Amino acid sequence: MYKRLKIIIPTVLFVIFGLLQYFQVVTVLDNLIHDNILVSTRPAFDNIVIVGIDERSINEIGSWPWPRLFIAEAIEQLVDMEAAVIGVNVMFDAPSIFPEYDEMLVRAAERADFIVMGGGGNLMAYQDVRHLMEIDHYVYSFDALARVSEIGFLNGVQDEDGVMRRALTSMRYGDITVHSFPFEVYRAYRQFRGESPVEDIPLDRYGTFPIRYVGGGRSFHAVSLWGVINEEYSRSTFRDAIVLIGPYAIGVGDSFGTSVDRNNSTHSVEINANILQNFLEGAFVTNAPWWVNLLALLVAALVVALLFHWLKPVSAFLITVVLIVALLVGARVAYDQLLMIIRVGDIIVFLVFCYLANLTLGILSTTHEKKHIRGVFDRFVAPEVVNEIISGNVEVKLGGVVKEISALFVDICGFTAFSEANSPEIVVEMINRYLGLTSNAIRQNNGTIDKFIGDATMALFNAPHNVPDHALCAVRAAWAMKEGATVLRQEILKDYGVDLQFRIGINTGTAVVGNMGSEFRMDYTAIGDTINTASRIEANAGVGQIVISEATYLQTKDFIDVVDLGVINVKNKKAGIRIYNVINVN
């Protein structure tokens, strides 16, 4: 069963994680892998310059927002220094309280051949049939400014963890398509160069594409807006360059964490500069098609199903680690060489789940196997010995120790005649009923069944584990057999027409107990005169009698009633043995 589960579980997990992967339910690990392993920095383009509304400018001019004349003056200076395209990463959606400054801003924008102003819209919760985000309200620059400039929306799309990893290029506003601020700047620059913009940008199902950042904050060449107004920079700094004007100070404007710098906020104008460079490079990172991700998951599932079926937990762990490393290396190569993001986060979690399932199944299988071994082994070997073997606390080897024990032999009177008169099936069925009774009586009184010898049973008390009152336990086990035989005797008489009874012999003394035999076949037993004497006593017992030696009697006399049977002589012993018939046990 457990081997089948090692194949079934990866299959079920494959289906579950395939669905999770397709619907991108869990993205936390994928985002961490993307940010820490996949992305890499590269030089920013020299022809992208940020004119920052920075701390210096704020210290000179005052708190933001400023009167619009300062932006107008900066645009005038940039036009004079032959900037190719000017992008203002700020929204001027309504006239200000200073009409003359608004007119200055319009005249400055009118002088620029290519200028883009910021706009924005309210994102709706769904996309149209072309997978473009929709907006239900779009904010332009005030009318006079809108007539002399292009407008690009400044909206961004943050992931659940607040990090800006994706960029929008276009959105639907009613029947028209509006473009993002960096895309409008890019189109203007291509027009400046007399080239057509690349319109075929690979987008995901949300109408976005992954931003390939050049680095964290302050990666692009940036200058102070106050310095531009005061003509502190040379013409070569801005000639034929793309200039982005925007907030560049802490607490001014929007800022977000990025995939290359999640812990520190990057200004919106810098993020747009990164997106702009992606457009200029024309090489976009794409998300791998769903079937590529599913194929990678399928390969991992096949490896798990084929290998984990045979591997032990340690080997499975090493294979899991190797597969995870291979996935991460493969994802990095795909990102660097193909500009493709393969979702390996779900696959890594899948592998971890498969390993944990394999480990759990291994533990359950081992536990089940031990129970099975114990259940089978208990029937052939003393349970105490089985416990020692399975626990691994002792080394199973030949050898024994001398200790005092009580040995019990029980035999069925008249069994030979019964076996000759009946079929083997009936004989086996009957003897098993008797041996079941003797076995239960022995085990319930802390005895160890040493062996079955035909219709006889040999049991040891105080071996292998210590039983302080072992002689009394042996007598009580014998008495339990005698009482149980009363009912069983009537059943056998009714079923087979034969009257069968026990005779029992018990002796107490020292013996050698341990593993006897050879290295390839051994048996836990006891040998010595004590055992032989117990066997001889049982042979001299009458039908239905429990006969004990004097040594056993001396240790149990306070708890039993006996009849003295006198002294008997047994084979291989010079001295006689006094024996007693137990008639009651208190």
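What's counted below: heavy atoms across the whole structure, side chains too, no hydrogens, waters or symmetry copies. This one's a predicted model, so the numbers in the text were calculated from it and none came from an experiment.
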Non-hydrogen atoms of [X] and [Y] that approach each other most closely:
{"X": "Ile271", "Y": "Thr266", "value": "CD1-O, 3.8 Å"}
{"X": "Val260", "Y": "Gly215", "value": "CG2-O, 3.1 Å"}
{"X": "Ser259", "Y": "Asp35", "value": "CB-OD1, 3.0 Å"}
{"X": "Glu184", "Y": "Ile151", "value": "CG-O, 3.5 Å"}
{"X": "Ile58", "Y": "Ala249", "value": "CD1-CB, 3.9 Å"}
{"X": "Leu339", "Y": "Ala283", "value": "CD1-CB, 3.6 Å"}

For this session: With sequence neighbours left out, write down each residue that passes salt bridge (charged side-chain N to carboxylate O under 4.0 Å, His left out) with Glu195, or none if nothing qualifies.
Result: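 Residues passing salt bridge (charged side-chain N to carboxylate O under 4.0 Å, His left out) with Glu195: Arg190, Arg193.
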Kindly say whether [Y] contributes a backbone atom to a donor-acceptor pair with the side chain of [X] at under 3.5 angstrom?
{"X": "Asn155", "Y": "Gly121", "result": "yes"}
{"X": "Asp204", "Y": "Thr286", "result": "no"}
{"X": "Asn293", "Y": "Arg343", "result": "yes"}
{"X": "Asp102", "Y": "Pro95", "result": "no"}
{"X": "Thr320", "Y": "Ala316", "result": "yes"}
{"X": "Gln77", "Y": "Asn230", "result": "no"}
{"X": "Asn274", "Y": "Glu270", "result": "yes"}
{"X": "Tyr186", "Y": "Val198", "result": "yes"}

Exercise. Tell me, which pairs form a salt bridge (charged side-chain N to carboxylate O under 4.0 Å, His left out) where one or both residues lie in residues 239-252, sequence neighbours left out?
Worked result: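 Those involving residues 239-252 are Glu82-Arg239.
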For this session: Take Phe142 and Phe92 through the ring-ring contact (aromatic ring centres under 6.0 Å, His included) test and state the conclusion after the steps.
Result: CA-CA 6 Å; Phe142 61 89; Phe92 299 109; 7.4 Å; no
If you count every heavy atom of other residues, nucleotides or ligands that lies below 6.0 Å from [X] atom [atom1], does the total exceed 12?
{"X": "Trp290", "atom1": "CH2", "value": "no"}
{"X": "Asp136", "atom1": "CG", "value": "yes"}
{"X": "Ile250", "atom1": "CD1", "value": "no"}

Indicate yes or no: at least one non-hydrogen side-chain atom of [X] is less than 4.5 angstrom from one of [Y].
{"X": "Val88", "Y": "Ile75", "answer": "yes"}
{"X": "Arg172", "Y": "Val178", "answer": "no"}
{"X": "Ser268", "Y": "Asn272", "answer": "yes"}
{"X": "Val223", "Y": "Val228", "answer": "yes"}
{"X": "Met117", "Y": "Leu145", "answer": "yes"}
{"X": "Ile86", "Y": "Val116", "answer": "no"}
{"X": "Ile115", "Y": "Glu150", "answer": "no"}
{"X": "Val157", "Y": "Leu168", "answer": "yes"}

Side chains of [X] and [Y]: donor-acceptor distance under 3.5 Å anywhere?
{"X": "Asp30", "Y": "Thr27", "answer": "no"}
{"X": "Ser255", "Y": "His267", "answer": "no"}
{"X": "Glu281", "Y": "Gln277", "answer": "yes"}
{"X": "Thr258", "Y": "Arg165", "answer": "no"}
{"X": "Tyr189", "Y": "Asn47", "answer": "yes"}
{"X": "Ser57", "Y": "Ser224", "answer": "yes"}

Exercise. Is Arg332 paired with Asp336 through a side-chain N to carboxylate O contact shorter than 4.0 Å?
Worked result: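 Answer for the salt bridge query: yes.
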Pairwise distance [atom1]([X]) to [atom2]([Y]) - rounded to 0.5 angstrom:
{"X": "Met133", "Y": "Ser180", "atom1": "CE", "atom2": "OG", "value": "13.0 Å"}
{"X": "Arg166", "Y": "Gln158", "atom1": "CZ", "atom2": "CD", "value": "10.5 Å"}
{"X": "Ile342", "Y": "Leu327", "atom1": "CD1", "atom2": "CG", "value": "9.0 Å"}
{"X": "Ile319", "Y": "Cys354", "atom1": "CD1", "atom2": "SG", "value": "13.5 Å"}
{"X": "Leu105", "Y": "Leu69", "atom1": "CG", "atom2": "CG", "value": "9.5 Å"}
{"X": "Tyr213", "Y": "Ile275", "atom1": "OH", "atom2": "CD1", "value": "6.0 Å"}

For this session: Assert yes or no for the condition that the ring centre distance of Tyr101 to Phe70 is strictly below 6.0 Å.
Result: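 No, the ring centres sit 6.0 Å or more apart.
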Exercise. Any chance the rings of Phe153 and Phe181 have centres within less than 6.0 Å?
Worked result: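 That pair fails the under 6.0 Å test.
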Problem set entry | Trace of the side-chain contact (heavy atoms from CB on, under 4.5 Å) decision for Met171 with Leu132 | CA-CA 5 Å; Met171 293 192 296; Leu132 294 180; 5.8 Å; no
For this session: Go through the steps for Arg42 and Arg212 under the test side-chain contact (heavy atoms from CB on, under 4.5 Å), then give the verdict.
Result: CA-CA 10 Å; Arg42 63 192 189 286; Arg212 189 167 171 238; 3.4 Å; yes
For this session: Go through Leu38 and Ile341 one step at a time and tell me if the side-chain contact (heavy atoms from CB on, under 4.5 Å) criterion holds.
Result: CA-CA 8 Å; Leu38 301 188; Ile341 298 175; 4.3 Å; yes
Problem set entry | Verdict with supporting geometry, Leu244 and Val49, side-chain contact (heavy atoms from CB on, under 4.5 Å) | CA-CA 6 Å; Leu244 303 181; Val49 180; over 6 Å; no
Problem set entry | Trace of the ring-ring contact (aromatic ring centres under 6.0 Å, His included) decision for Phe17 with Phe353 | CA-CA 10 Å; Phe17 277 87; Phe353 267 74; 5.6 Å; yes
Problem set entry | Evaluation steps, ring-ring contact (aromatic ring centres under 6.0 Å, His included), between Tyr138 and Tyr140 | CA-CA 7 Å; Tyr138 192 62; Tyr140 292 87; 4.7 Å; yes
Problem set entry | Pi-cation contact, Phe256 with Arg262 (under 6.0 Å, within 45°) |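 Output no; distance or angle outside limits.
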